[in-house]
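The structure appears right after this line, and notes come after that.
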Protein chains: 2
Amino acid sequence: MPEREEVALSSSLLLEDQICFSLYAASRSVTAVYRPLLDRIGLTYPQYLVMLVLWQDAPRAIKDISAALHLDYGTLTPLLKRLEALGHIERQRRFDDERTVTIRLTEGGLTLRSEALDVPIEISRALGLSAAETATLQGLLRRVTASTTEYAAGRR
Amino acid sequence: MPEREEVALSSSLLLEDQICFSLYAASRSVTAVYRPLLDRIGLTYPQYLVMLVLWQDAPRAIKDISAALHLDYGTLTPLLKRLEALGHIERQRRFDDERTVTIRLTEGGLTLRSEALDVPIEISRALGLSAAETATLQGLLRRVTASTTEYAAGRR
DNA sequence: AACAATTAACTTGTGCACGAGTTAATCGCC
DNA sequence: GGCGATTAACTCGTGCACAAGTTAATTGTT
């Protein structure tokens, strides 16, 4: 077979062998399921994630939202301004530390939560996994995130 | 406990319960590991995916690249123009069907492959999973992609 | 042969992600 | 108490993703 090159087993460059591609494809495909559901309440997927963080515990500093979602200010600052324009949140400088901006939920932002309650149900249906499989997947994904985060930190 | 609302078990809005977030976080974290590796050969991660597709089988129509990566023309057209500007690919209208644009590898695009050979090795090291775990993860991710794709198609 | 429908690719506009550089407030240290 | 270092947030520029609309070539139907 002269037209097929010999490569080391663990270094295949075939697309379907790359875990990264499965991850990337799955992530985009799941986000695509969220889109029409979130359209109904007027949020994008990253905006929904920020609201999840705030519904869990608000008011919070932007720094804390950043840490929870692993997103930097360059992403969050404009996103939070859009959420503010939508009337879901308010930003406020802290008295005792003028560097910090605190994000609080408005009345509207709080009541939006009840409209989002059925989103996770619909999503878990779309994933088509059993509870056990979901748990396995989540465990593996968390380990991947932890390993790669540490790996990246080690190269800094 | 009056300050903690009662919610149905399967519809938690807690961030850490959302599989989607684990998926989103893992995908971005893995891409972050690729970034410095791909910087060395001057590619972004999506550009690298396109090159993987082409190294596997070129020349190909843009339509085929789109199908392989589940990316639409709005993403691919400018990306391919950048790869062309880098000298890795060439675009060419097909004689027998003037609608189709065929993408072929240049000499430079072909030799780039050898420089990319050690990327997957480094990545699999960074993931920190055994071969068996990697296989399990990939299997679950593929099922998620298949289920969600079908689910989205059913709502069209 | 004529023409409606489909198809491949492109364009435009919006919203992430992220790197790099900037600003202003606070902290640490002498 | 003063001053360099750090920190929180912002800004700017690039490159995806994706929806929606456009264009030109091809196909299918009569």
Side-chain angles (χ1 to χ4, degrees), chain A residues 20-21 24-36 38-39 42-51 59-67 69-86 91-103 149 152 155-156, chain B residues 21 24-36 38-39 42-51 59-67 69-86 91-103 149 152 156:
Chain A
C20 69
F21 175 66
Y24 168 80
S27 179
R28 281 171 40 235
S29 186
V30 169
T31 306
V33 174
Y34 272 96
R35 201 165 296 119
L38 295 178
D39 267 353
L43 293 179
T44 66
Y45 179 65
Q47 287 167 8
Y48 169 72
L49 291 179
V50 169
M51 293 305 288
R60 292 174 93 140
I62 299 184
K63 174 182 148 68
D64 295 334
I65 301 175
S66 167
L69 298 177
H70 314 300
L71 286 172
D72 75 359
Y73 294 105
T75 303
L76 283 176
T77 298
L79 190 158
L80 290 170
K81 284 183 178 169
R82 279 176 221 116
L83 284 179
E84 189 179 26
L86 288 169
R91 51 178 58 232
Q92 196 175 0
R93 289 268 162 197
R94 229 169 69 188
F95 332 78
D96 57 331
D97 186 345
E98 291 263 333
R99 292 172 302 179
T100 320
V101 173
T102 297
I103 304 293
T149 301
R155 321 204 112 239
R156 263 202 326 260
Chain B
F21 175 66
Y24 168 78
S27 179
R28 280 171 40 235
S29 188
V30 169
T31 307
V33 174
Y34 272 96
R35 203 165 294 118
L38 295 179
D39 267 353
L43 293 180
T44 65
Y45 179 65
Q47 287 167 10
Y48 168 72
L49 291 179
V50 169
M51 293 305 288
R60 293 173 91 139
I62 298 184
K63 175 184 147 69
D64 295 334
I65 301 175
S66 166
L69 298 177
H70 314 302
L71 287 172
D72 74 0
Y73 293 104
T75 302
L76 284 176
T77 297
L79 189 157
L80 289 170
K81 283 183 179 170
R82 285 187 279 272
L83 285 179
E84 190 180 26
L86 288 170
R91 53 178 59 231
Q92 194 175 1
R93 291 266 161 199
R94 229 169 69 188
F95 336 74
D96 57 330
D97 187 346
E98 290 264 333
R99 291 172 303 179
T100 316
V101 172
T102 298
I103 304 294
T149 302
R156 262 202 326 261

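Only heavy atoms go into these numbers, but all of them, side chains included; no hydrogens, no water, no symmetry mates. Residue numbers start from 1 in every chain, and the chains themselves are labelled A, B, ... in the order their sequence lines are given, proteins ahead of strands.
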Practice problem: Would you kindly give the OH-to-C1' distance between Tyr48(B) and dG15(D), to the nearest whole Å? | Solution: 19 Å
Quiz item: Any donor and acceptor pair, going by atom type alone, linking the side chain of Thr77(A) with main-chain N or O of Tyr73(A) inside 3.5 Å?
Solution: yes
Quiz prompt | Sidechain-backbone polar pair: Asp64(A) side chain, Ala67(A) backbone, donor-acceptor under 3.5 Å | solution = no
Quiz item: Hey, does Arg94(A) have a side-chain heavy atom less than 4.5 Å from the side chain of Arg99(A)?
Solution: no
Exercise. Calculate the interatomic distance between Tyr73(B) atom OH and dA17(D) atom C1'; express it in whole Å.
Key: 16 Å
Quiz item: Are the side chain of Gln47(B) and the backbone N or O of Thr44(B) linked by a donor-acceptor pair below 3.5 Å?
Solution: yes
Exercise. Give a yes or no answer on whether the side chain of Thr75(A) reaches the backbone of Leu71(A) with a donor-acceptor pair at less than 3.5 Å.
Key: no
Practice problem: May I ask you to say what Leu79(B) touches in the nucleic acid, namely base, sugar-phosphate or nothing, with a heavy-atom cut-off under 4.0 Å? | Solution: sugar-phosphate
Quiz prompt | Residue-phosphate contact under 4.0 Å: Arg35(B) side-chain N/O, dC16(D) OP1/OP2 | solution = no
Quiz prompt | Value in whole Å for how far the P atom of dA19(D) lies from CG of Leu38(A) | solution = 13 Å
Practice problem: State, yes or no, whether a side-chain contact exists between Arg91(B) and Val101(B) at a heavy-atom distance under 4.5 Å. | Solution: yes
Exercise. Return the value, rounded to whole Å, for the distance between atom CG of Leu49(B) and atom P of dG15(D).
Key: 17 Å
Quiz item: More 5' along DNA chain C: Gln47(A) or Gly74(B), using each one's nearest nucleotide?
Solution: Gly74(B)
Exercise. Write down the distance between CZ (Arg99(B)) and C1' (dT26(D)), rounded to a whole number of angstrom.
Key: 4 Å
Quiz prompt | Which residue lies more 5' along DNA chain D, comparing Thr75(A) with Thr31(A) via nearest heavy atoms | solution = Thr75(A)
Practice problem: With heavy atoms under 4.0 Å as the rule, sort Arg91(B) into base, sugar-phosphate or nothing. | Solution: sugar-phosphate
Practice problem: For the residue pair Leu43(B) and Leu83(B), establish whether any side-chain heavy-atom pair is separated by less than 4.5 Å. | Solution: yes
Quiz prompt | Glu98(A) or Pro78(A), whichever maps to the more 5' nucleotide of DNA chain C | solution = Pro78(A)
Exercise. Scan Asp97(B) against the nucleic acid and name what it touches under 4.0 Å (heavy atoms): base, sugar-phosphate only, or nothing.
Key: sugar-phosphate
Exercise. Specify the separation, in whole Å, of atom CZ of Arg94(B) and atom C1' of dT26(D).
Key: 12 Å
Practice problem: Return the value, rounded to whole Å, for the distance between atom CG of Asp64(A) and atom P of dT7(D). | Solution: 15 Å
Quiz item: Just the endpoints, please: which first and last nucleotides of DNA chain C, 5' to 3', lie under 4.0 Å from a heavy atom of chain B?
Solution: dT7(C) to dG19(C)
Exercise. Using the closest heavy atom to pick a nucleotide of DNA chain D for each, name whichever of Tyr45(B) or Lys81(A) lands nearer the 5' end.
Key: Lys81(A)
Practice problem: Round to the nearest Å and state the distance from Leu86(B) atom CG to dT14(D) atom P. | Solution: 15 Å
